[in-house]
There are 2 protein chains.
Amino acid sequence: MTEISTIALEKNKNNKGCTVCCQSCSISELCLPFSLNHSELDKLDNIIERKKPVHKNEILFKQGDMLGSIYAVRTGTLKSYKITENGEEQITAFHLPGDLVGFSGIFGEQHNHTTSALETAMVCEVPFNDLNFLLGEVPRVRYQVLRLMSKEIKNEQDLVLLSRLNAEEKISAFLLNLSKRFERHGFDPFNFRLSMSRSDIANYLGITIETVSRLLRKFHNDEILEVNNKQIIIKDIEKLKNIKG
Amino acid sequence: MTEISTIALEKNKNNKGCTVCCQSCSISELCLPFSLNHSELDKLDNIIERKKPVHKNEILFKQGDMLGSIYAVRTGTLKSYKITENGEEQITAFHLPGDLVGFSGIFGEQHNHTTSALETAMVCEVPFNDLNFLLGEVPRVRYQVLRLMSKEIKNEQDLVLLSRLNAEEKISAFLLNLSKRFERHGFDPFNFRLSMSRSDIANYLGITIETVSRLLRKFHNDEILEVNNKQIIIKDIEKLKNIKG
DNA sequence: CGGAATCTTGATTAGGTTCAAGATGAGTGG
DNA sequence: CCACTCATCTTGAACCTAATCAAGATTCCG
């Protein structure tokens, strides 16, 4: 929590010993700094701005906004959604720490989804023009950005595959995906709190909230999960992985 | 057709007046060369290899193959698909001329889908390491690659949105998407031939071939389309756009 | 021309939605 | 701290869209 109180004071031009910079960031292995050396990190640090916290339900950027920056999630959870022609919200992603948000806006030079916080979140802002310049200067930053964009393409493809599953498989895949990501961040993969509502889950998975509710109950009764409102305990991960076919 | 007969003879190191190079390519506006000047084009041309034609059902690269190259489609149509855990094929994209294929393989350094030809296709091979090097040298190539990767993220997101539609809306969206892409290539957007089978369409849209067949018949009866096996004539594009809500 | 693959059409079935109503939980003010 | 309210979540019953199953019809291709 000391980190939160010291952030966003000012852009740090001399990073030696700083408390808030890529060098000391706990998620650097999952984020842009991955595999960079000290001098490369310094260059990256100099273009990144730490932002004030984004509070629950606050919007980080809106669909249609000019693409100014990419954002890296440091703490908290956010969701991205599009407004369809019919005016409905369609959630396209949940973002955990280490995720980069906004790459899809490069084409067309404007963000093509809205991103808002599900709970208070800390993000780092990476101005796109600065980043683009850095790509020319530092090969490893370039490679890392390509990797992360490629990963986002992969994520979206996985979401397409998800859409072909039946409701039980969707819930299972959703929980297993969250579990894996929590584990990667050093959190308990078998006992976690959902930061999103049933409605968000349903929207994301393309099913109704009633179905989400019914299936979580079913998994609870089948002793695969312990469901207590937003708190989830995975009791039998093998069963969860073997849901249907 | 003269183009086809002269391709793949050898890598062209001096592009002045060449018949097969980015400078003279009819789809350069949709592809990597977009917005590049002559000297930039030369550099790009020097790393690109023109391939022999990929014949119908031939595989360009396989899921799991090491990522060696990205490919640009020059003529013909290809499809990309993944094999799911259950051994089923899941089509994730159809590729028309100008599309770039393979970006999702950068993360993980291996292709994560298989790409094969639906009809004889000509592709240009872009070795990834050479391209990555060029990104550092030529800012406009870098920007163009970022744009195209970003576009691919956007495409995948659209596919996710597609999955939320009902069957009629899916068919409608699919045909409108094809129509738009044909138009962009200078072909008739209202009269075209589907290069993919009903089975491929159904797979891609996440519905059954029976449903595809029934709905094409229905649209035909409603005088929205004229359907003659693979030949499609769009008779009333406004009606097609207004399918359901 | 003949056989296989692809496509069409019909009848039945089922998974998930919709509609409806009650239960639980979070937030607010007295 | 409790009562009150609104939002979220759960549960049940009826319904509907698209899947499945089953046969023909057409097209493709050697």
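In what follows, chains are A, B, ... by sequence order, proteins preceding strands, each numbered from 1. Computed from heavy atoms alone, side chains included, the values below leave out hydrogens, waters and symmetry copies.
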Chemist: A quick test of your reading: do over 12 heavy atoms of other residues, nucleotides or ligands sit less than 6.0 Å from CG of A/Asn228?
Modeler: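 No.
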Chemist: Quick one: label A/Ser197 by what it contacts on the DNA or RNA (base, sugar-phosphate, nothing), any heavy atom closer than 4.0 Å.
Modeler: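 Counting heavy atoms under 4.0 Å across all strands, the contact made by A/Ser197 is with sugar-phosphate only.
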Chemist: Are any side-chain N or O atoms of A/Ser179 and backbone N or O atoms of A/Pro189, one a donor and one an acceptor, separated by less than 3.5 Å?
Modeler: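 Looks like yes, one N/O pair under 3.5 Å.
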Chemist: Check the pair B/Lys218 / B/Glu168 against salt bridge (charged side-chain N to carboxylate O under 4.0 Å, His left out), numbers first and verdict last.
Modeler: CA-CA 10 Å; B/Lys218 179 174 185 298; B/Glu168 289 199 18; 3.6 Å; yes
Chemist: Starting from C1' on C/dC7, measure out to CG on B/Asp200 and report it in whole angstrom.
Modeler: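 It is 13 Å, rounded to the nearest whole Å.
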Chemist: Could you tell me whether a side-chain N or O of B/Asn57 sits under 3.5 Å from a main-chain N or O of B/Ser116, the two making a donor and an acceptor?
Modeler: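 The answer is no, because no donor-acceptor pair under 3.5 Å joins these two groups.
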Chemist: Without decimals, in angstroms, what is the distance between B/Ile243 CD1 and D/dT17 C1'?
Modeler: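 Atom CD1 in B/Ile243 sits about 16 Å away from atom C1' in D/dT17.
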Chemist: Could you check whether A/His95 and A/Thr77, counting side-chain N and O atoms only, form a donor-acceptor pair closer than 3.5 Å?
Modeler: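 Per modelled atom types, A/Thr77 and A/His95 side chains form no pair under 3.5 Å.
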Chemist: Are A/Glu119 and A/Lys56 close enough, and set up right, to give a salt bridge (charged side-chain N to carboxylate O under 4.0 Å, His left out), and what steps lead you there?
Modeler: CA-CA 4 Å; A/Glu119 57 191 353; A/Lys56 185 171 178 174; over 6 Å; no
Chemist: Tabulate atom names and distances for all N/O pairs under 3.5 angstrom spanning the protein and nucleotides 1-4 of chain C.
Modeler:
none

Chemist: Please state how far atom CG in B/Asn203 lies from atom P in D/dA18, giving the value in whole angstrom units.
Modeler: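 To the nearest whole Å, that distance equals 18 Å.
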Chemist: May I ask you to check whether over 12 heavy atoms, not counting those of B/Phe182, lie within 6.0 Å of atom CZ?
Modeler: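 Yes, enclosed.
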Chemist: Measure the distance from CD1 on B/Ile209 to P on C/dA5 and round it to the nearest whole Å.
Modeler: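 From B/Ile209 CD1 to C/dA5 P: 14 Å.
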Chemist: Does B/His113 reach the side chain of B/Ser104, with side-chain heavy atoms less than 4.5 Å apart?
Modeler: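 In short, these two side chains touch, coming nearer than 4.5 Å.
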Chemist: What is the distance, rounded to the nearest whole Å, between atom NZ of B/Lys218 and atom P of D/dT17?
Modeler: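 Going from B/Lys218 (NZ) to D/dT17 (P), I get 11 Å.
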Chemist: Can you pull out how bent the helix from C/dC1-D/dG30 to C/dG30-D/dC1 is, comparing the axes over its first five and last five pairs, to 10°?
Modeler: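 The end-segment axes of the helix from C/dC1-D/dG30 to C/dG30-D/dC1 are tilted 60° relative to each other.
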Chemist: Between B/Lys51 and B/Glu125, does any NZ, NE, NH1 or NH2 come within less than 4.0 Å of an OD or OE carboxylate oxygen?
Modeler: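 Yes, this pair counts.
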Chemist: When every nucleotide of nucleotides 25-30 of chain D is labelled 5' to 3' by its protein contacts under 4.0 Å (heavy atoms), B for base, S for sugar-phosphate only, - for none, what sequence of letters results?
Modeler: --SSS-
Chemist: Distance only, no hydrogens: is a donor on one side chain within 3.5 Å (strictly under) of an acceptor on the other, for A/Gln90 and A/Thr84?
Modeler: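 On atom types as modelled, these side chains do not qualify, holding no pair under 3.5 Å.
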Chemist: Using modelled atom types only, decide if a donor and an acceptor are shared between the side chain of A/His111 and the backbone of A/Gln63 within a distance under 3.5 Å.
Modeler: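 Answer holds: no.
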Chemist: With salt bridge (charged side-chain N to carboxylate O under 4.0 Å, His left out) as the rule and sequence neighbours excluded, what pairs involving residues 148-161 of chain A come up?
Modeler: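 Matches after skipping sequence neighbours: A/Asp158-B/Lys82.
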Chemist: Let me have a per-nucleotide readout for nucleotides 11-23 of chain C, 5' to 3', with B, S or -, counting only protein heavy atoms under 4.0 Å.
Modeler: B----SBBB----
Chemist: Could you tell me how far apart A/Glu119 (CD) and C/dA26 (P) are, to the nearest whole angstrom?
Modeler: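 Nearest whole value for this atom pair: 15 Å.
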Chemist: Using a 4.5 Å cut-off on heavy atoms from C-beta on, say whether the side chain of A/Asn191 contacts that of A/Ile232.
Modeler: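 No, side chains not in contact.
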Chemist: Starting at CZ of B/Arg217 and ending at C1' of C/dG10, how long is that distance when rounded to a whole Å?
Modeler: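 After rounding, the reported distance stands at 14 Å.
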Chemist: Name all pairs fulfilling the salt bridge (charged side-chain N to carboxylate O under 4.0 Å, His left out) condition that reach into residues 178-205 of chain A, sequence neighbours left out, sorted by first residue then second.
Modeler: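 Sorted pair list: A/Lys79-A/Asp200, A/Asp99-A/Arg181.
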Chemist: Tell me: CG of A/Leu194 to P of C/dG25, nearest whole Å?
Modeler: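 Between P of C/dG25 and CG of A/Leu194: 15 Å.
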